[in-house]
Asks: 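Quick one: the structure is below, and I'll ask about it shortly.
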Amino acid sequence: QKEVEQDPGPLSVPEGAIVSLNCTYSNSAFQYFMWYRQYSRKGPELLMYTYSSGNKEDGRFTAQVDKSSKYISLFIRDSQPSDSATYLCAMNRNSGNTPLVFGKGTRLSVIA
Amino acid sequence: KAGVTQTPRYLIKTRGQQVTLSCSPISGHRSVSWYQQTPGQGLQFLFEYFSETQRNKGNFPGRFSGRQFSNSRSEMNVSTLELGDSALYLCASSPEGRSSYNSPLHFGNGTRLTVT
């Protein structure tokens, strides 16, 4: 079982839809949770960062962490064609400088 | 500030050859991490260097190696290339190495390596 599981999609939605992207993980030691966005031919860029459980909102983006279920989500409201990209979840432990563990990414297409 | 710069952007090599990829981190960043990205495995951690010392290493064979120079620039080397080494190699830098809100990983746009 991989440490982080993420449905690769592709996911296609109409403009204006609410998008839900999810990851599950198996390592209960994970404390830091991130979402990265990767456009075609570009490197990943950090979108959202949360520590432990709870919600965090930034504009149209909301990140949720449920540690009891080992489940994290990213919601995109009022999705735009410019949101079309691959979304990667990432996480690491709360001990020392441990490397990030990434999900495989979900490819999202928002259709105008 | 200039972002993370990786050179070259594209590379085609033949099986059995070796290759060196270069990464210039954001000015002031002391940590450089390398990741391999493939459609099948996603992003996999190769190694991390901090102040010229390898601090973390992923589960890759010894054919994959790296180093960091005193100016924080980093190189990674792959010897005896195999077809399965074809991938996007991403370099990321951060001020301290631990990915956090105040010290996130900043990725370059990668080097696309094709092994034929």
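Each chain gets a letter, A, B and so on, in the order its sequence line appears, and its residues count up from 1. Just so it is clear, the model here is predicted, and its values are computed rather than measured.
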Asks: Can you confirm whether more than 12 heavy atoms, excluding those of B:Arg15, are under 6.0 Å from its CZ atom?
Replies: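 It does not: B:Arg15 CZ has 12 such atoms or fewer within range.
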
Asks: For residues B:Phe45 and B:Val32: do they belong to one hydrophobic cluster (side chain heavy atoms under 4.5 Å, members Ile, Leu, Val, Met, Phe, Trp, Tyr)?
Replies: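 Cluster IDs for B:Phe45 and B:Val32 differ.
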
Asks: Going through the distances and angles, do A:Phe102 and B:Tyr35 end up as a ring pair (Phe, Tyr, Trp, His ring centres under 6.0 Å)?
Replies: CA-CA 10 Å; A:Phe102 283 84; B:Tyr35 286 82; 5.4 Å; yes

Asks: Answer with side chain, backbone, both or neither: which region of B:Leu90 has an atom nearer than 4.5 Å to a non-hydrogen atom of chain A?
Replies: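 Looking at B:Leu90, just its side chain touches chain A.
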
Asks: For the atom pair CG (B:Leu105) and CE (A:Met34), what is the distance rounded to the nearest 0.5 Å?
Replies: 8.0 Å

Asks: Got more than 12 heavy atoms from elsewhere within 6.0 Å of CD1, A:Ile111?
Replies: yes

Asks: Can you tell me how far apart OG (B:Ser94) and CG (A:Leu46) are? Round to the nearest 0.5 Å.
Replies: 11.5 Å

Asks: Under 4.5 Å from any heavy atom of chain A, what part of B:Tyr89 do you find: side chain, backbone, both or neither?
Replies: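 Nothing of B:Tyr89, per the 4.5 Å heavy-atom cut-off to chain A.
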
Asks: In terms of heavy-atom contacts, does CZ of A:Arg107 have more than 12 from other residues, nucleotides or ligands at under 6.0 Å?
Replies: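 At most 12 heavy atoms, drawn from other residues, nucleotides or ligands, come within 6.0 Å of this atom.
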
Asks: Answer yes or no: does atom NZ of A:Lys42 have more than 12 heavy-atom neighbours from other residues, nucleotides or ligands under 6.0 Å?
Replies: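 Open.
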
Asks: Side chain, backbone, both or neither: which part of B:Gln6 has a non-hydrogen atom closer than 4.5 Å to chain A?
Replies: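 Neither the backbone nor the side chain of B:Gln6 comes within 4.5 Å of chain A.
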
Asks: If I measure from the heavy atoms of chain B, does A:Gln6 come under 4.5 Å with its side chain, its backbone, both, or neither?
Replies: neither

Asks: Please name the pair of heavy atoms, one in A:Gln38 and one in B:Leu88, separated by the smallest distance, quoted to 0.1 Å.
Replies: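 So the two residues come closest at NE2-CD2, 4.1 Å.
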
Asks: Quick one: what part of B:Arg112 sits under 4.5 Å from any heavy atom of chain A, side chain, backbone, both or neither?
Replies: neither

Asks: B:Gln37 versus A:Lys104: any side-chain heavy-atom pair under 4.5 Å?
Replies: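 They are not in contact (no side-chain heavy atoms under 4.5 Å apart), so the answer is no.
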
Asks: Between B:Phe107 and A:Tyr36, is the ring centre distance below 6.0 Å?
Replies: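 Yes, they do, as the ring centres are separated by less than 6.0 Å.
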
Asks: Going hydrophobic residue to hydrophobic residue with side-chain gaps under 4.5 angstrom, can you get from A:Val19 over to A:Val65?
Replies: yes

Asks: Look at atom CG of B:Asn71 and say whether more than 12 heavy atoms of other residues, nucleotides or ligands are closer to it than 6.0 Å.
Replies: yes

Asks: Do you know the tightest heavy-atom contact between A:Gly43 and B:Asn109?
Replies: N-OD1, 2.9 Å

Asks: Should A:Phe61 and A:Phe33 be counted in the same cluster of Ile, Leu, Val, Met, Phe, Trp and Tyr side chains packed under 4.5 Å apart?
Replies: yes

